[in-house]
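Working notes for the structure below.
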Amino acid sequence: MLSLLVAAATDAVNRIQPYEYAWIAAGAVVMVFVAQRVWSSGGSAQQTEHYSRPELAIAIVLGGLFLLGGVHAFTTPPVEDKQELSFQGIILTVALFIFMVMMMATLLSAAGRDLHFTFGLRRIPAWKAVLIGILLGVAAAPLADIAALATQKIAKSTDDVQGIVRLFQTGSVQDRWAIVVSAAIFAPVAEEMLFRGVIYGVAKRYGGMFAALIFNAAFFAFVHGHLPAIGGLFVLAICLTLAYEYSGSLYVPIAMHATFNALNLVEMALLPPGSKG
């Protein structure tokens, strides 16, 4: 197993362009600094002592739905020449993200939760949180990418292109704008509110910070249902959670997640159709 991991890491490194090494090194330094600050403070920036039944219920219900989606994606054989996504599918996804956010906000408010306090939205100014998130998103992007490359090597995947990538590269202008809006706005808000704001908070409340960090990252990676990307998503989730703990504001991982997705969209726009990375 060790030799396989070494081979995967070596292959991933060999696929990195020379100019990317500085980006990776800088990103690693930044995220190590964030992790050190989080661990030195015991992860106290994100308070979860008040998390109880409402948060647990949301985590179980919505987390369970995402889990079923991940299981379905991993257990359903791929179909050749299948139109995996469409404009209508993206719009439906956006609608589901909006519904998720509204449902979580309504349930938490009905339970007497102050959303600004629960998610630390007033802990630091919103503009500062967004700026920090953008910088950390740029730092985390190459770390997630190299982890994804290693995963592709280990999985010996011949198809590392998701349906959304194919649609973005070969679809219409309408398709592209729908993907941009979904990936850069609605997905980061809904997913960070659920995965970092609720599921991580519940896991930390009942299992401690380290166990919650690993569980949340593994769960986040699995439910996306795409094996070649699972390593990159795991690393991304670790970085997002550390950023949340570092800042105490959910605005930071939201901006970070949006930046990561935006960078991937730019990469997809520059690559020839059918390729990714």
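Keep in mind the model is a prediction, meaning the values are calculated, not measured.
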Handout entry: Pairs satisfying side-chain hydrogen bond (donor to acceptor under 3.5 Å, both in side chains), at least one member in residues 185-195, at least two apart
Key = E192-R196, E192-H257
Problem - Residue pair P54 / A111: nearest heavy atoms and the distance that separates them - result: CG-CB, 3.5 Å
Problem - Spatial distance of atom CG (L240) from atom CD1 (I254) [nearest 0.5 Å] - result: 10.5 Å
Completion exercise
CD1 of I58 to CG of L194, rounded to nearest 0.5 Å, is 8.5 Å
Exercise for the section: Determine, step by step, whether L149 and D145 satisfy the side-chain contact (heavy atoms from CB on, under 4.5 Å) criterion, reporting the C-alpha distance in whole Å, the side-chain angles of both residues, the deciding distance to 0.1 Å, and the verdict. Expected result: CA-CA 6 Å; L149 289 174; D145 284 347; 5.7 Å; no
Problem - Side chains of Y244 and V252 in contact at under 4.5 Å (non-hydrogen atoms) - result: no
Completion exercise
Interatomic distance, CD1@I134 vs OG1@T259, rounded to 0.5 Å, equals 4.5 Å
Problem - Side chain proximity check, L236 to F260, heavy atoms < 4.5 angstrom - result: yes
Problem - Y251 and I132: CA distance, side-chain angles, deciding distance, side-chain contact (heavy atoms from CB on, under 4.5 Å) verdict - result: CA-CA 9 Å; Y251 283 139; I132 292 172; over 6 Å; no
Handout entry: Co-membership, hydrophobic cluster, residues V181 and M100, 4.5 Å side-chain
Key = yes
Handout entry: Single-linkage hydrophobic cluster V180~V173, side-chain heavy atoms < 4.5 angstrom
Key = yes
Problem - Residue pair C239 / L136, side-chain heavy-atom distance below 4.5 Å - result: no
Practice task
May I ask whether L233 and V71 are part of the same hydrophobic cluster, defined by side-chain heavy atoms of I, L, V, M, F, W, Y residues being less than 4.5 angstrom apart, directly or through others?
Solution key: yes
Practice task
Would you kindly confirm whether I24 and L135 end up in one hydrophobic cluster when ILVMFWY residues are joined by side chain heavy atoms under 4.5 Å apart?
Solution key: no
Problem - Non-hydrogen side-chain atoms of H50 and F117 separated by less than 4.5 Å - result: yes
Handout entry: Side chain to side chain, W39 and E245, heavy atoms closer than 4.5 Å
Key = no
Practice task
Establish whether M102 and L108 are linked, either directly or via other cluster members, by ILVMFWY side-chain heavy-atom contacts under 4.5 Å.
Solution key: yes
Exercise for the section: Could you tell me the separation between the CD atom of Q36 and the CG atom of L242, rounded to the nearest 0.5 Å? Expected result: 11.5 Å
Practice task
Verify whether the ring centers belonging to F74 and F222 lie closer than 6.0 Å.
Solution key: yes
Exercise for the section: Run the salt-bridge test on E55 and R113 with the 4.0 Å N-O cut-off and return the result as yes or no. Expected result: yes
Practice task
Quick one: closest heavy-atom pair of A59 and V202, and the distance?
Solution key: CB-CG2, 4.2 Å
Exercise for the section: Give a yes or no answer on whether the side chain of W23 reaches the backbone of A139 with a donor-acceptor pair at less than 3.5 Å. Expected result: no
Handout entry: Side-chain (S182) to main-chain (A178) donor-acceptor, under 3.5 angstrom
Key = no
Problem - Side-chain donor/acceptor of S40 to backbone N/O of R37, under 3.5 Å - result: yes
Exercise for the section: Please work out which of the three classes, parallel, tilted or perpendicular, describes the rings of F219 and F195, given edges at 30° and 60°. Expected result: tilted
Exercise for the section: Please name the pair of heavy atoms, one in A147 and one in V235, separated by the smallest distance, quoted to 0.1 Å. Expected result: CB-CG2, 3.5 Å
Exercise for the section: List the steps and the verdict of side-chain contact (heavy atoms from CB on, under 4.5 Å) for V101 and F186. Expected result: CA-CA 9 Å; V101 171; F186 292 103; over 6 Å; no
Exercise for the section: Could I get the full list of ring-ring contact (aromatic ring centres under 6.0 Å, His included) partners for F234, not counting sequence neighbours? Expected result: none
Handout entry: Least distance between heavy atoms, F220 atom then A237 atom
Key = CD2-CB, 3.6 Å
Practice task
Measure the shortest side-chain to side-chain distance between F215 and F210 over non-hydrogen atoms and say whether it is less than 4.5 angstrom.
Solution key: no
Problem - L115 side chain near S109 side chain, heavy-atom distance below 4.5 Å - result: yes
Handout entry: Nearest-0.5 Å distance, CG of residue L56 to CD1 of residue I199
Key = 11.0 Å
Problem - Side chain to side chain, T48 and Y200, heavy atoms closer than 4.5 Å - result: no
Practice task
Please check if atom CE in M103 has more than 12 non-hydrogen atoms from other residues, nucleotides or ligands closer than 6.0 Å.
Solution key: yes
Practice task
Would you give the length of the straight line joining atom NZ of K128 to atom OG of S247, rounded to the nearest 0.5 angstrom?
Solution key: 10.5 Å
Handout entry: Backbone N/O of G231 and side chain of T151: donor-acceptor pair under 3.5 Å
Key = yes
Handout entry: Donor-acceptor under 3.5 Å (N261 side chain, A184 main chain)
Key = no
Handout entry: CA sep, side-chain torsions, deciding dist, call: T118, L250, side-chain contact (heavy atoms from CB on, under 4.5 Å)
Key = CA-CA 9 Å; T118 298; L250 194 66; over 6 Å; no
